[in-house]
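Chain identifiers are assigned alphabetically (A, B, ...) following the order of the sequence lines, protein sequences preceding nucleic acid strands; residue numbering begins at 1 within each chain.
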Amino acid sequence: VVSWNSMIMSYVKAKNMASASELFNEMENRDTFTWNTMISGYVSASDMESAMKLFSEMKIPDSLSWNSIISGFAQAGKMKLALDFFQRMPQKTQVSWNTVIAGYEKNGGFKQAMELFFHMQAEGRKPDRHTLSSILSICAESADQHTGMQMHQLVSKLVIPDIPLYNSLITMYARCGAIYEARAVFDEMKPQKNVISWNAMIGGYASHGFAREALKLFESMKCCKMKPTYITFISVLSACAHGGLVEEGRSYFKSMVEDFGIKPRVEHFSSLVDLVGRHGKLEEAMEIIRSMPIEPD
RNA sequence: UUCUCCCGG
């Protein structure tokens, strides 16, 4: 049975649901793993019809089966259905709560997500990293610094933050314009900062008009032997554009291509155009636009 | 062997 399940799993991972279901139909001793594997395969293929069909044929769906279905509806943006299954689910697990909260977060149901978040705690269930990360995204997107700070307290109280959670905190503060708080989290990370942390922090400075701070941090990033990405340069160039740092901008653009081998994207070009255009060099701006390669993909 | 992620934020 286990080896059949593994084979089905391989087909599912290869997104070959036709072959997976062939095997599934030939199997005589299907267990819950088998069913769940198939359901999750249909869910990731966005085929909720088939997923639901299997789910309703199960005699006793376990929590993983339920969670897959909830996740599937959430990904499809059908939050009413997701919530409906969530409410009918007999033994909700931590993952169930996280799934439906993440679903509302993704679909802009911030209020519902927050309500569920408080609801789960009222039932004595502790938020974990997944929960908190969804809630922090909501605070970031809605620039709700007050809630964000409360969530920060909860993070410190409930979990040992991992790198993504730290990054969510930085992003949340940065989006709220709380640059100082963002920086405090950033510094707290000490050596475990990854590229995303650097990008989030530099982007935070850049988008709030702290051009020099952004560039300063970019320089320390390079000192730490951290490799910038195209995202980093979007922030760096936009910092230059907003700070009117024409020469620096040109030289960073050049360095991006020559030192780091990063292919310029439209975002980079638009900062560059902005930069030279705002300083009366319309000719040069036009020249850049004319020389822009068309991005194929 | 199966559930929380579309985005590097």
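- As a whole-Å value, the separation of A:Leu64 CG from B:U1 P is 13 Å.
- Looking only at atom types and distance, the side chain of A:Thr93 has a donor-acceptor partner in the side chain of A:Ser96 under 3.5 Å away.
- Both tests hold for A:Arg88 against A:Phe85: distance to the six-membered ring centre under 6.0 Å, angle to the ring axis within 45°.
- In this model, the phosphate group of B:C5 is not approached by any side-chain N or O of A:Lys106 to a distance below 4.0 Å at OP1 or OP2.
- For A:Asn194 and A:Asn167, the side-chain atoms include at least one donor-acceptor pair closer than 3.5 Å.
- When each of B:G9, B:U4, B:C3 is scored by its nearest atom to the side-chain atoms of A:Asn67, the top-ranked nucleotide is B:C3.
- Residues from residues 152-187 of chain A that place a heavy atom under 4.0 Å from any atom of RNA chain B, listed by number: A:Ser168, A:Thr171.
- Taking A:Ser133 as the reference, nothing meets the side chain to side chain donor-acceptor pair (under 3.5 Å) condition, with sequence neighbours excluded.
- Side-chain atoms of A:Ser134 and A:Asn98 include no donor-acceptor pair closer than 3.5 Å.
- Residue A:Thr229 is classed as a base contact, given a heavy-atom separation below 4.0 Å to a base.
- Note: CG (A:Asp31) to C1' (B:U2) measures 10 Å, nearest angstrom.
- Between A:Ser271 and A:Glu267, the side chains place no donor N or O within less than 3.5 Å of an acceptor N or O (distance only, hydrogens not considered).
- Relative to the side chain of A:Ser40, the nucleotides B:C5, B:U2, B:G8 differ in distance, and B:U2 lies closest.
- Per the geometry, CG belonging to A:Asn36 stands 8 Å off C1' belonging to B:C3, to the nearest Å.
- A:Gln75 comes within 4.0 angstrom of the backbone, heavy atoms only, and of no base.
- Taking atom CE of A:Met89 as the reference point, atom P of B:U4 lies 13 Å away to the nearest angstrom.
- Separating the CD1 atom of A:Ile196 from the C1' atom of B:C7 is a distance of 11 Å, rounded to the nearest angstrom.
- Taking the ring centre of A:Tyr230 as origin, the terminal cationic atom of A:Lys263 falls outside the region bounded by 6.0 Å and 45° from the ring axis.
- Note: CD1 (A:Ile135) to C1' (B:U4) measures 13 Å, nearest angstrom.
- Under the 4.5 Å side-chain criterion, counting only non-hydrogen atoms from C-beta, A:Val257 is in contact with A:Pro264.
- Near RNA chain B, defined here as any heavy-atom distance below 4.0 Å, the residues from residues 136-149 of chain A are A:Ser137, listed numerically.
- Taking the centre and axis of the six-membered ring of A:Phe260, the NZ or CZ atom of A:Lys227 falls outside the cone set by 45° and 6.0 Å.
- To the nearest angstrom, C1' of B:U4 lies 20 Å from NZ of A:Lys126.
- In this entry the distance linking CH2 of A:Trp4 with C1' of B:U1 reads 15 Å, nearest Å.
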